[in-house]
Amino acid sequence: MAVSNSSRVTYEATIERIFQHNLDTRSFFLRLLSDQQLTWKAGQFLSLLLPIAGETLIRPYSIASSPEEGNLLEICLNLVPAGPGSHYLFARTVGETLRFTGPWGTFVFDQPPPAECVFIADGTGIAPIRPMIRRALASGRQPPLQLLYSALQGADLLYRQDWEAYAQTCSWFSFTPLLSNPPSGWSGLPDSLAEYVERRYVSEDSDRSRHFYICGVGQQVTQLRDLLRRAGYQRRAVQYEKW
Ligand SMILES: Cc1cc2nc3c(=O)[nH]c(=O)nc-3n(C[C@H](O)[C@H](O)[C@H](O)COP(=O)(O)OP(=O)(O)OC[C@H]3O[C@@H](n4cnc5c(N)ncnc54)[C@H](O)[C@@H]3O)c2cc1C
């Protein structure tokens, strides 16, 4: 049942499935109770209400599934060393219930812009980007879409098979993985995310019509935002979410 007060609705969902992406990253598939309906836009997040040590900790998690998938919501998160929220969630099992409010957030991809879109994600920062890309692809042929995805190592490139399959089937979608700790023999790009972005979208190119959607943890997100805006991309065309 949805519990309402003057400013928000609290939802309850059962953990229907847990998927282990790699050693420290899991997806939780949350089934809303049958009388509940959540409407959201690609890129938005839920605020989970976590009962920890006698308090309610609030932790936001992006919805990694698409709005079209209905009442089964996916959140995808990594374990943060000594982080109370992520440790609490990693101790949960199938059949347990989670409470949250939402959807929240203005980092959304609703109507695809009539310009090339570049999605930039680091690690689990792919979570809000995933439904954005699926939405963009579902809208059919359009200006190019690029996913620039950085992670520590190959196993941390989440949903990689999907990105590779989209790149094979959609000529207007390209997938560029970047690894900060590549294995020997890695045939991908050697650059860091900032180096690649600076080279590819600033110094080697004068097109400033692109739209960017950036998500990840910490200062690198705002540094990329500043780099692109300083280079002449429109402020509104560089959207970001920093965790
Ligand atoms: C709008 C929004 C959406 C978010 N969506 C997601 C999501 O889809 N998946 C996800 O894993 N996290 C997401 N986060 C981060 C999440 O809310 C928590 O901050 C994270 O799980 C750490 O919580 P904690 O209680 O375990 O650790 P805390 O003690 O609260 O955090 C410790 C430190 O870890 C940093 N941190 C935050 N997220 C991460 C991360 N993923 N990896 C490494 N360090 C991190 C924080 O900046 C903080 O300094 C989101 C944050 C925001 C603001």
Side-chain angles (χ1 to χ4, degrees), residues 8 10-11 13 15 17-30 38 40-67 69 72-92 98-110 119-135 147 149-153 155-160 162-163 178-181 192-193 212-225 238-243:
R8 66 178 196 199
T10 300
Y11 293 89
I15 302 174
R17 188 162 78 89
I18 298 174
F19 177 75
Q20 184 93 29
H21 290 273
N22 57 37
L23 279 180
D24 72 349
T25 309
R26 289 182 190 168
S27 276
F28 294 81
F29 293 84
L30 311 178
L38 188 76
W40 79 96
K41 293 178 179 167
Q44 288 193 298
F45 65 88
L46 307 172
S47 281
L48 269 71
L49 310 173
L50 307 176
I52 299 174
E55 292 178 40
T56 300
L57 285 193
I58 300 177
R59 289 291 181 272
Y61 291 98
S62 304
I63 307 172
S65 47
S66 294
E69 288 174 278
L72 189 64
L73 308 170
E74 178 180 353
I75 57 170
C76 170
L77 61 135
N78 60 295
L79 197 57
V80 173
S86 56
H87 276 79
Y88 174 86
L89 286 167
F90 269 60
R92 307 282 53 88
L98 292 172
R99 294 168 63 241
F100 55 84
T101 64
W104 304 111
T106 54
F107 179 61
V108 295
F109 187 87
D110 201 16
F119 299 92
I120 304 178
D122 184 43
T124 43
I126 197 69
I129 300 280
R130 181 178 183 235
M132 292 180 172
I133 291 178
R134 292 164 100 191
R135 176 162 178 75
L147 170 60
Y149 189 11
S150 88
L152 193 58
Q153 47 199 358
D156 302 322
L157 292 168
L158 310 174
Y159 312 104
R160 181 178 187 167
D162 290 350
W163 311 130
L178 289 172
L179 296 182
S180 47
N181 186 17
S192 73
L193 197 49
F212 292 87
Y213 301 84
I214 310 167
C215 186
V217 177
Q219 297 302 327
Q220 63 168 339
V221 173
T222 40
Q223 283 166 0
L224 288 173
R225 173 203 65 189
V238 183
Q239 295 196 45
Y240 68 99
E241 191 155 78
K242 172 178 169 281
W243 301 348

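Note that the structure is a prediction, hence the values are computed from the model and not measured. First listed ligand is number 1; within each ligand, the first listed atom is number 1.
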Solution key, residues 42-61 side-chain donor-acceptor pairs under 3.5 Å, sequence neighbours excluded:
| residue | atom | partner | partner atom | Å |
| --- | --- | --- | --- | --- |
| Gln44 | OE1 | Lys41 | N | 2.9 |
| Gln44 | NE2 | Gly105 | O | 3.0 |

Quick one: are Phe119 and Cys215 in side-chain contact, heavy atoms under 4.5 Å?
->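 Of all side-chain heavy-atom pairs linking Cys215 with Phe119, none is under 4.5 Å.
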How are the rings of Phe100 and Tyr11 set relative to one another: parallel (under 30°), tilted (30 to 60°) or perpendicular (over 60°)?
->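 Phe100 and Tyr11: parallel rings.
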Let me know which protein residues bring a heavy atom to under 4.0 Å of ligand 1; chain then number is fine for ordering.
->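 Answer by chain and number: Phe45, Arg59, Pro60, Tyr61, Ser62, Cys76, Leu77, Asn78, Val80, Gly83, Pro84, Gly85, Ser86, Thr124, Ala127, Val217, Glu241, Trp243.
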Can you run down the salt bridge (charged side-chain N to carboxylate O under 4.0 Å, His left out) pairs that involve residues 73-85, sequence neighbours left out, and say none if there aren't any?
->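 Sorted pair list: Glu74-Arg130.
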Could you name each residue pair satisfying side-chain hydrogen bond (donor to acceptor under 3.5 Å, both in side chains) that touches residues 76-89, not counting sequence neighbours?
->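 Found Asn78-Thr124.
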Under 6.0 Å from the CZ atom of Arg99, do we count more than 12 heavy atoms belonging to anything else shown?
->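 Not more than 12 within 6.0 Å, no.
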